[in-house]
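Start at 1 with the first residue, then count along the sequence. This one's a predicted model, so the numbers in the text were calculated from it and none came from an experiment. As a basis for the values below, the full set of heavy atoms in this structure was taken, side chains included, without hydrogen atoms, waters or symmetry mates.
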Amino acid sequence: MRIYQSHLYMDINTKIFRDNFLQYYRPLCLFALHYLKNIDDAEDTVQDCFMELWKRKEKGFEVSALKSYLYSMVRNRCIDILKKDSLIDGNVQPSDLEEILSDEECEEWSYDEARIWTAIEALPEKCKEVFLLAKRDGMKYEEIAVRLHISVNTVKNQVSKALKTLKEGVRKVYLFFFG
């Protein structure tokens, strides 16, 4: 009976950990990106932080304010990476960057950006492709039309449709997470 209870406890903890990972991963990557300026490094850093959190959890370490703890952990890891790579002065402490880069502002921005990217990912494939070429890559409508072998009007319609869908999608995602 004890083995079953222990296994059940582990499954619940695994599910909770997975849910937290899914909730915080993208915003934390965007937060780390403000420091590291490289998406691969940012993703690696966030994954390392989650691995470290898991290891600490297995040793009985409990976190009462997970969101704050994760953001602090990621920020400190980013600063360590920048120090190691000599991109910032080795004597810089996390508190030294507060005036330059407010963690609260970056955290809020990363959540907003994550909501937008979640909504973009939900767009129909062709609509998403046209939208990203126009807005992310800065291509002109005529260039997109030539590249995708569609009319300029189709490009305009797809971008318009994407913007309308994103406006509603971001609102729905926001309401889902924050009521």
Would you tabulate the side-chain donor-acceptor contacts of residues 146-155 under 3.5 Å, counting partners in other chains and residues two or more places apart, or write 'none'?
unit_1, atom_1, unit_2, atom_2, d
S151, OG, T154, N, 3.0
S151, OG, T154, OG1, 2.8

- [ ] Might you work through the side-chain contact (heavy atoms from CB on, under 4.5 Å) test for W54 and T14, ending with a clear yes or no?
- [x] CA-CA 9 Å; W54 182 259; T14 302; 3.9 Å; yes
Please enumerate all residues that pass side-chain hydrogen bond (donor to acceptor under 3.5 Å, both in side chains) together with [X], with sequence neighbours excluded.
| X | answer |
| --- | --- |
| E129 | none |
| D40 | none |
| E52 | R56 |

TODO: Side-chain contact test, heavy atoms from C-beta onward, threshold under 4.5 Å: evaluate it for F131 versus L163 and give yes or no.
DONE: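 In contact.
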Open item on the list: Can you confirm whether F31 sits close enough to C78 that some side-chain heavy atom of one is under 4.5 Å from a side-chain heavy atom of the other?
Closed with: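 Not in contact.
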Can you tell me how far [atom2] of [Y] sits from [atom1] of [X], rounded to the nearest 0.5 angstrom?
| X | Y | atom1 | atom2 | answer |
| --- | --- | --- | --- | --- |
| M73 | L28 | CE | CG | 10.5 Å |
| F17 | L22 | CZ | CG | 10.5 Å |
| L53 | E58 | CG | CD | 10.5 Å |
| I120 | L132 | CD1 | CG | 5.5 Å |
| L30 | E43 | CG | CD | 9.5 Å |
| C127 | K161 | SG | NZ | 5.0 Å |

- [ ] Go through the steps to decide whether R77 and V74 satisfy the test side-chain contact (heavy atoms from CB on, under 4.5 Å), and finish with yes or no.
- [x] CA-CA 5 Å; R77 183 75 49 102; V74 168; 5.7 Å; no
Task: F61-Y69 aromatic ring centre distance below 6.0 Å - done: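 Yes: the rings meet the under 6.0 Å criterion.
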Open item on the list: One pair to check against side-chain contact (heavy atoms from CB on, under 4.5 Å): Y35 and I81. What are the steps and the verdict?
Closed with: CA-CA 10 Å; Y35 290 96; I81 290 167; over 6 Å; no
TODO: For E125, enumerate each residue passing the side chain to side chain contact (heavy atoms under 4.5 Å, CB included) test, keeping only those at least two apart in sequence or located in another chain.
DONE: K128
Task: For A32 against V46, the heavy-atom pair lying closest together - done: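 The answer is CB-CG2, 4.3 Å.
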Task: Test item: T45 side-chain N/O and D41 main-chain N/O as donor-acceptor pair under 3.5 Å - done: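 Yes, the answer is positive, given that a donor and an acceptor are paired below the 3.5 Å cut-off.
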Open item on the list: According to ring-ring contact (aromatic ring centres under 6.0 Å, His included), who are the partners of F21, at least two apart in sequence or on a separate chain?
Closed with: Y25, F50
